[in-house]
Amino acid sequence: MGGEKGVDSNAMSSTLTLVLPAHNEAGNIERVVASFLDIQDQIDFPLTILIVDDGSSDATGPICRKLAENNPAIRCLHHGRNIGYGGALISGFRASDGDYVAIADADGQFHPADFIRLLEYVEAYDVVVGCRHDRADPPGRRIMGRAWSLTGRWFFKIPIRDLNCGLKVFKRSIIANLSLQCVGPGINLEIMTHIVLAGIPIKEVLCSHFPRVVGDQSGGTLRVMSRALPELLHVWRLKRGKGP
């Protein structure tokens with residue numbers, strides 16, 4: 001460890017972009033961004049926070065633009081319409097720079113201390129993912145998450161317990177070169193299938209998960225769920241060698 005800091009000092013020359021996909025998170029985004037800025041002195045990575053406003057209909061967009069204007073460590077992308085969680089991640093990956101790219105949710109359900117824990121493993125692993133040990137979501141979302149994780153393990157041989165955990169860190173050279181097409185709930189399955197097919201080791205780290213304080217979750221809407229089967233079939237074709 002580098003003194004009192006949470007990341008190996010060998011990483012001091014590395015840089016990191018944290019992608020925060022946000023849809024109607026006006027009540028959360030300032031607090032979440034501030035919480036990650038507060039840990040900058042606890043990590044050895046120069047940190048850029050890239051907020052992807054995915055066509056929000058509330059004040060998320062103006063808040064993000066104001067944050068970016070006032071802090072050079074913050075950048076903001078804006079989708080003219082709501083594309084989906086996967087679409088926001090893809091935009092963030094394409095716009096990121098540096099040696100590593102990470103993702104976290106903009107709803108405040110993750111604690112930056114767990115983000116630091118993931119960063120402790122980036123020298124040994126090119127892919128480090130979180131695993132929520134006590135998921136603080138409604139039963140329906142927990143059931144769907146469990147189904148996605150089991151599908152990933154059984155049919156796609158993805159060796160992790162929490163496929164859709166929104167806290168992950170990748171070596172950017174890996175994630176930036178992936179041809180990703182899932183703009184909805186299949187994005188994590190698509191990403192991790194690419195990584196498994198490439199034979200890249202994955203480190204899974206337990207992390208905390210907290211209840212959403214402000215705003216509504218959109219992961220269980222009919223629009224989101226209607227994308228699940230087509231995206232699942234797309235990733236299956238990818239695994240079978242018939243995809244792009």
Should Leu206 and Val122 be regarded as members of a common hydrophobic cluster, given that ILVMFWY residues are connected when their side-chain heavy atoms come within less than 4.5 Å of each other, either directly or indirectly? no
Considering all heavy atoms, the nearest [X]-[Y] contact:
| X | Y | result |
| --- | --- | --- |
| Trp148 | Gly186 | CH2-CA, 4.0 Å |
| Leu180 | His194 | CD2-CD2, 3.9 Å |
| Asp58 | Thr60 | OD1-OG1, 2.7 Å |
| Ile63 | Ile29 | CG2-CG2, 3.6 Å |
| Arg135 | Arg142 | O-CD, 3.6 Å |
| Asp107 | Arg31 | O-NH2, 4.2 Å |

Under 3.5 Å, is there a donor-acceptor pair linking the side chains of Asp38 and Ser35? no
For the pair Asp162 and Arg132, find out whether any cationic side-chain nitrogen is under 4.0 Å from an anionic carboxylate oxygen. yes
Is the centre of the Phe36 ring less than 6.0 Å from the centre of the Phe115 ring? yes
Are the side chains of Thr151 and Leu232 in touch, meaning some heavy atoms are under 4.5 Å apart? yes
Could you point out which residue of Ile90, Asp54, Asn188, Val183 forms a side-chain contact (heavy atoms from CB on, under 4.5 Å) with Tyr85? Asn188
Angle between ring planes, Tyr100 versus Phe45, binned at 30° and 60°: parallel, tilted or perpendicular? perpendicular
